[in-house]
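So the structure is just underneath, and the comments pick up after that.
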Number of protein chains: 2
Amino acid sequence: MEYKQLKLNNQLCFRLYTAARLTVGAYHPYLDPLGITYPQYLVLLVLWEQNKQPVCDIAKRLMLDTNTVTPLLQRMEKSGLLRRTKGKTDTRQRIVSLTEKGTTLREQAKHIPECLIANILEKMGSVEELTTLVPTLDKLIEGLSER
Amino acid sequence: MEYKQLKLNNQLCFRLYTAARLTVGAYHPYLDPLGITYPQYLVLLVLWEQNKQPVCDIAKRLMLDTNTVTPLLQRMEKSGLLRRTKGKTDTRQRIVSLTEKGTTLREQAKHIPECLIANILEKMGSVEELTTLVPTLDKLIEGLSER
DNA sequence: TATTTTTGCATCGTGAACGATATAAATCTG
DNA sequence: CAGATTTATATCGTTCACGATGCAAAAATA
């Protein structure tokens, strides 16, 4: 009984880890045809909301560091989704802007969120339960991200 | 307004993705001194609960595929935490068993779960909210994993 | 203004995830 | 029992996530 807390079943983190993996996996059928990955989709969401942002702003938004985001953006530049130009006011910055290809992808990606929600709901009934998840996750994220 | 659903803020998945990353990160202060990673810790939890399991059982337990688990186990074997021996009844199987080092690590890892929960609670108050998370995540996981 | 500190970005190395593919052993089926 | 199928594991390639480190530009401070 001493080791009870060690039991895998009791772990909240394992469920988060697994749920996150599976959720990202659920995007695959929708993202594969567009030729992008889930993290790349997140970058596009940020840029669709506001084009031309420095790397650091994108990183902040995604709560990632530049050592993750930079290579991600480099791959996306390579596949023609965006451009990275030198900043003018602050020359340290790299301003990321969508290409034609990156911009038009928005139309094709338009229905992904509803498809995904529908997909998940079909398999687990209640909408309420999912929506209650969000504020709790927000608190958790806020707690864990402050340092 | 047409693109409203695309907005990052509305995305449940992004929160899961972020919460999972940050939660794994919260294990670092406890796992680094033991020289193991979070996925390796998960493998150890499984083996501490029951030693000597074939690769596929461990994979099933963690809801991962062998192409993820095999290299993970190889690294753990390399660092002396476990052994992988040929199965006797089924020669295709590789039976994974803990070494002395892997076994004794259990003592040192004993307090990790309580430390982590305490750590999280300190930063976000209510226990109830966290505990309500678990069954919902379970449903989500179950829904997404069935195919 | 000179020096220090901070900031923005990049590179490198390691460990995961995971799709695709391969191989041998076990199992099923005709 | 022979051939087909499934199962258990492994390998390879790509993309991430992230700690450590480096560097130049900007900002702060002396």
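Keep in mind that this is a model prediction, so the values were computed, not measured. Sequence lines set the chain letters: A, B, ... in the order given, protein chains first and strands last, and positions in each chain run from 1.
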>> On the side chain of R92(B), is there an atom forming a donor-acceptor pair with the base of dT7(D) - under 3.5 Å, no angle test?
In response: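 Indeed there is one.
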Using atom [atom1] of [X] as one end and atom [atom2] of [N] as the other, report the distance to the nearest whole Å.
{"X": "L31(A)", "N": "dC16(D)", "atom1": "CG", "atom2": "C1'", "result": "15 Å"}
{"X": "D32(B)", "N": "dG19(D)", "atom1": "CG", "atom2": "P", "result": "9 Å"}
{"X": "R75(B)", "N": "dT11(D)", "atom1": "CZ", "atom2": "C1'", "result": "13 Å"}
{"X": "Q74(A)", "N": "dT15(D)", "atom1": "CD", "atom2": "C1'", "result": "13 Å"}
{"X": "L42(A)", "N": "dC16(D)", "atom1": "CG", "atom2": "C1'", "result": "12 Å"}

>> With nearest nucleotide decided by heavy atoms, which residue, K88(B) or L64(B), maps closer to the 5′ end of DNA chain C?
In response: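 Closer to the 5' end of DNA chain C: L64(B).
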>> Nearest heavy atom decides the nucleotide; on that basis, is P71(A) or G25(A) closer to the 5' end of DNA chain C?
In response: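 Its nucleotide being nearer the 5' end, the pick is P71(A).
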>> What's D90(A) touching, base or sugar-phosphate or nothing? Going by heavy atoms closer than 4.0 Å.
In response: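 Sugar-phosphate, backbone atoms only, no base.
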> Are OP1 or OP2 of dT9(D) and a side-chain N or O of T66(B) less than 4.0 angstrom apart?
Replying inline: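 So the side chain of T66(B) is outside the cut-off, no N or O lying under 4.0 Å from OP1 or OP2 of dT9(D).
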>> It should be established whether R21(B) places a side-chain nitrogen or oxygen under 4.0 Å from OP1 or OP2 of nucleotide dC18(D).
In response: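 The answer is yes; a side-chain N or O of R21(B) sits under 4.0 Å from OP1 or OP2.
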> Going 5' to 3' on DNA chain C, which nucleotide is the first and which the last to come under 4.0 Å of a heavy atom in chain B?
Replying inline: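 Result: dG15(C) to dA26(C).
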>> Please determine whether residues I95(B) and L72(B) belong to a single hydrophobic cluster, defined as Ile, Leu, Val, Met, Phe, Trp and Tyr linked transitively by side-chain heavy-atom distances below 4.5 Å.
In response: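 Shared cluster, no.
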>> Tell me whether T70(A) contacts the main-chain N or O of N67(A) through its side chain, where contact means a donor paired with an acceptor under 3.5 Å.
In response: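 Such a contact is absent between T70(A) side chain and N67(A) backbone.
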